[in-house]
Amino acid sequence: MRLSQYFLPTLKETPSEAQIVSHRYMLRAGMIRQSSAGIYSWLPLGFRVLKNIEQIVREEQNATGAQEVLMPTIQSADLWRQSGRYEDYGQEMLRITDRHDREMLYGPTNEEVITEIFGAHVKSYRHLPRNMYHIQWKFRDEVRPRFGVMRGREFLMKDGYSFDLDPDAGRVAYNKMFISYLRTYARMDLQAIPMKAETGPIGGDMSHEFIILADTGESEVFCHRDFLERDVLQRDIDYDSDLQPLVDEWTSLYAATDDMHDAARFESEVPEDRRVAARGIEVGHIFFFGDKYSKPLGAFVSTPDGDEVPVQMGSYGIGVSRLVGAIIEASHDDKGIIWPESVAPFKVGLVNLRTGDEACDAACDSMYAKLSDAGVEVLYDDREERAGAKFADMDLIGLPWQLIAGPRGLKEGKVELKNRRSGETDELSIDAALTRLAG
RNA sequence: CGGAGCGUAGCGCAGCCUGGUAGCGCACUUCACUGGGGGUGAAGGGGUCGGAGGUUCGAAUCCUCUCGCUCCGACCA
C-alpha cells in the first residue's frame, strides 16, 4: 500500500479525551475515530489489526474443533424472558422496539440464542460434544465507557459455547478452551495469566479470567512470577488427548484478581521474590455454567439410558476489540506503538527519504514491488514529506520493520533495515534487506 | 447512578470574570528556499463560538433550559 493513497489520518497532538496510552496512540495513529461515547469507527489501519487478531482467535478456536457460526446482533426480548435475564440484565441492555412494537434488544451476549439453536436441533447424547463460537459485535450500555476500545459500549467479541452430556465431559471441553486461550494470547506476544474467577451459584473450579499485566489495568492482580516465563507455544497440543495435566500445570501456581485474592495463601504459597502484585487487563473469560440456560430454554438431550437431561454448557469469551488496546498497553514506547508481527497492520514500512529523487524512487519502487510479490505486506511511505515526519509517523504506527532508503545510502548501494522494537538498524544491500524480510 | 469539569477551525488551546469587528499554535492550500528525526520564509483558505430561549442598542461573554463529551467513584468482555 502506498501511503500517499492510504487513509491514515495521524495526529501530532493528542486529543484531550484520551487518558491512557493505547487510546492516545490509537487516535494519533489514525486507527479509530470516536463516533459517540464508547462507540468507534475503525479506520483502515485499525481495522487491519482488528482483523488480524480476529483471525488468530479463529484459527485457535478451529484447532480445538469448535465451529464458527454467526448469530444476530438484534435479539428478541421473549427469548431473554425465558432465561429470566430480560429483567435481570438491567440498564446495561440496550432495548429496542421495532415498528410492530415488538421488544428487541441489541445482544450483550449470546447464551440464549445459541441455546435455542442447539436445543432445537440436538436431541441425543450421540450428537455431543459440540462447541460453537462466533465473532460478533456486542453492545453493553455501560454507565461510563472509557479507555477507548478497552471499555467501549460496542465491542467485538468472540464468544463460544460448549455442549456436553455431563459435567465431566464439560470439563474436557473447558480444558480445550483453557489451553487454546493460552495459545491464542501467546501468538499475539501476550503473556496471559489464567486467574481463578467467581463461579457464582454453580460453584466449582471451572471459571478463569485471562489477564495480561499492564500498568493501566483495571483490577489489581496477584500471581507467581513463573507465569511470566512460560511459553505455551513450545509444545504442540493434541486436543484429543487428556489436557488435564497441562491445565493443572497452569492452575497450580497462585494467581488471583483482587476480588478472589487471599493474602495469607499468597504469602504462604509464593516465595517473596516470586510474588507479583500488579495491575491487569482482562482479555478473556471462560466459564462452565452447567444447565443454567439449557434448563429454562428447554435444551434437553437423551442419555444412553433414555433419560432426558438438560445439556451441560460452558461459555468462553475473548474481547477481540479490547485486545487491540491491550496489546498496545503491553507493547509501546514513548514514540508510539510496537506491534507484534502476528497482528501488525503491515509487516514493513518502506520509507523513501527523498520522494522525487530519481534514485530513491527507483530503488523504493523496486523494493516495494519485490516485497509485495513475495507476499510481504508493505506500507510504502512515498509522500512528499520530510524525513523527520516520515520517521515520526512510522514509529507512531509501530510496524515491526522499517526499510529506509535515502540518497546518502543508495550512493553506496545500501539501505537501512530497522527493527521497531529493538531500535537496531542494519545497513545492508538492497538484496540482503529483501532477503531478510521475505525470507 | 453520585461527584467534578469541558463544549470556540481537523487537533491542542486563549478569549468569558469586567458584553462592543472571533484569536493563537499545529494541520491544510500556493510559491520559494531546504532536504536523514515533525525545517524556514512569504501569501492564503477554513468558524451556525454545541443547540434553543431570554436579558441588552449590542451576547462566545450575562441568565434559563437542553444536548453532547470527559474525568473521579460505584459497575462491567
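Chain letters run A, B, ... following the sequence lines, proteins first, then strands; residues in each count from 1. Note that the coordinates shown come from a computational prediction; the quantities given were computed from them, not determined experimentally.
Across all strands shown, B:G73 is found opposite B:C1 as a Watson-Crick or G-U wobble partner, with both distances under 3.5 Å. B:G47 is unpaired under the criterion used here, namely a Watson-Crick or G-U wobble arrangement in which both key atom distances are under 3.5 Å. Pair check for B:C24 finds B:G12; Watson-Crick or G-U wobble, both atom distances under 3.5 Å. Nucleotide B:A42 has B:U30 as its partner under the Watson-Crick or G-U criteria, with both atom distances under 3.5 Å. Remark: B:C6 base-pairs with B:G68. Criterion, Watson-Crick or G-U wobble with two distances under 3.5 Å. Within the shown strands, B:C63 is the pairing partner of B:G53 under the Watson-Crick or G-U definition, both distances less than 3.5 Å.
Rounded to the nearest Å, the gap between the C1' atom of B:C75 and that of B:G68 is 23 Å. If you take atom C1' in B:U21 and the same atom in B:A59, they sit 14 Å apart, rounded to whole Å. Comparing the P positions of B:G12 and B:G2 gives a spacing of 28 Å, expressed to the nearest Å. Between B:C16 and B:G23, the distance separating the two P atoms is 15 Å to the nearest Å. For the C1' atoms, the distance linking B:C6 with B:G51 amounts to 16 Å, nearest Å. The same atom, P, is picked in B:A74 and in B:U48; the two are 41 Å apart, to the nearest Å. Atom P of B:G25 sits at a distance of 26 Å from the matching atom of B:G35, rounded to the whole Å. Spacing between B:G20 and B:U64 at atom C1', rounded to whole Å, works out to 24 Å.
For A:R230 and A:F227, the positive end sits near the middle of the six-membered ring, less than 6.0 Å away and at most 45° from its axis.
Residue contacts for A:S321: at a heavy-atom cut-off of 4.0 Å it reaches no nucleic acid atom on any strand shown. When heavy atoms are screened at a 4.0 angstrom cut-off, A:E209 is found touching no nucleic acid atom at all. Heavy atoms of A:G90 sit nowhere under 4.0 angstrom from any nucleic acid atom. Nucleic acid contact for A:D357: none, since no nucleic acid atom lies under 4.0 Å from a heavy atom of the residue. Residue-level contact check: A:A37 touches the backbone only, with heavy atoms under 4.0 Å from sugar-phosphate atoms and none from bases. Base contact: A:D393 has a heavy atom under 4.0 Å from a base atom. As judged by a 4.0 angstrom heavy-atom cut-off over every strand, A:R28 is placed among the base-contacting residues. A:A389 comes within 4.0 angstrom of a base, heavy atoms only. Among the protein residues, A:G406 comes within range of the nucleic acid bases, having at least one heavy atom under 4.0 Å from a base atom.
Atom-to-atom, CG of A:D381 to C1' of B:G36 comes out at 13 Å; the value is rounded to the nearest Å. Here the P atom of nucleotide B:C75 and the CZ atom of A:R146 are 11 Å apart, to the nearest Å. We find that CZ of A:F147 is positioned 15 Å from P of B:C76, with the value rounded to whole Å. For A:Y89 and B:C76, the OH to C1' distance is 8 Å, given to the nearest whole Å. Distance A:E142 CD to B:U70 P: 13 Å, rounded to the nearest Å. With rounding to whole Å, A:R151 atom CZ is found 14 Å from B:U70 atom C1'. Atom P of nucleotide B:A77 and atom CE of A:M93 are separated by 14 Å, given to the nearest angstrom. Going from atom CG of A:D141 over to atom P of B:C75 covers 18 Å, rounded to whole Å.
For A:L11, counting side-chain heavy atoms from C-beta on, the closest listed nucleotide (B:A77, B:C11, B:G35) is B:C11. Of the candidate nucleotides B:C76, B:A27, B:C11, B:A27 has the atom nearest to the side chain of A:K12. Among the nucleotides B:C75, B:C69, B:C1, the one closest to the side chain of A:S36 is B:C69. If you check B:G73, B:G37, B:C11 against the side chain of A:R144, the one that comes closest is B:G73. Listed candidates were B:G35, B:G37, B:G38. Nearest to the side chain of A:K418 is B:G37. Checking B:U34, B:G12, B:G36 against every side-chain atom of A:E17, the shortest atom distance belongs to B:G12. The side chain of A:E13 has B:G12 as its nearest neighbour among B:C76, B:G12, B:G36.
Toward the 5′ end of RNA chain B lies the nearest nucleotide of A:R383, the other residue of the pair A:R383 and A:L156 mapping further downstream.
Contact check on A:R151 versus A:E218 returns a salt bridge, with a Lys/Arg side-chain nitrogen under 4.0 Å from an Asp/Glu carboxylate oxygen. Look at A:R28 and A:E13 and you find no salt bridge, because none of the NZ, NE, NH1 or NH2 atoms lies under 4.0 Å from a carboxylate O. A salt bridge between A:K390 and A:E385 is absent, with no side-chain N of the basic residue lying under 4.0 Å from a carboxylate O of the acidic one. A salt bridge does not link A:R140 to A:E154: none of the charged side-chain nitrogens sits closer than 4.0 Å to a carboxylate oxygen. Contact check on A:R85 versus A:E112 returns a salt bridge, with a Lys/Arg side-chain nitrogen under 4.0 Å from an Asp/Glu carboxylate oxygen.
Summarising the geometry of A:D361 relative to A:Y380, their closest heavy-atom pair is O-OH, 4.3 Å, with the distance given to 0.1 Å.
Look at A:Q19 and you won't find any side-chain N or O under 4.0 angstrom from OP1 or OP2 of B:C72. Between A:S16 and B:C13 there is a side-chain N or O to OP1 or OP2 distance below 4.0 Å.
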Apply side chain to side chain donor-acceptor pair (under 3.5 Å) to residues A:D78 and A:S76 and explain how you reach the verdict. CA-CA 5 Å; A:D78 285 345; A:S76 102; 5.0 Å; no
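In summary, the side chains of A:H208 and A:Y181 do not present any donor paired with an acceptor at a separation below 3.5 Å, with no hydrogens or angles considered.
Taking the 5.5 Å centre cut-off and the 30° plane limit, the aromatic side chain of A:F391 is not classed as stacked on B:G38.
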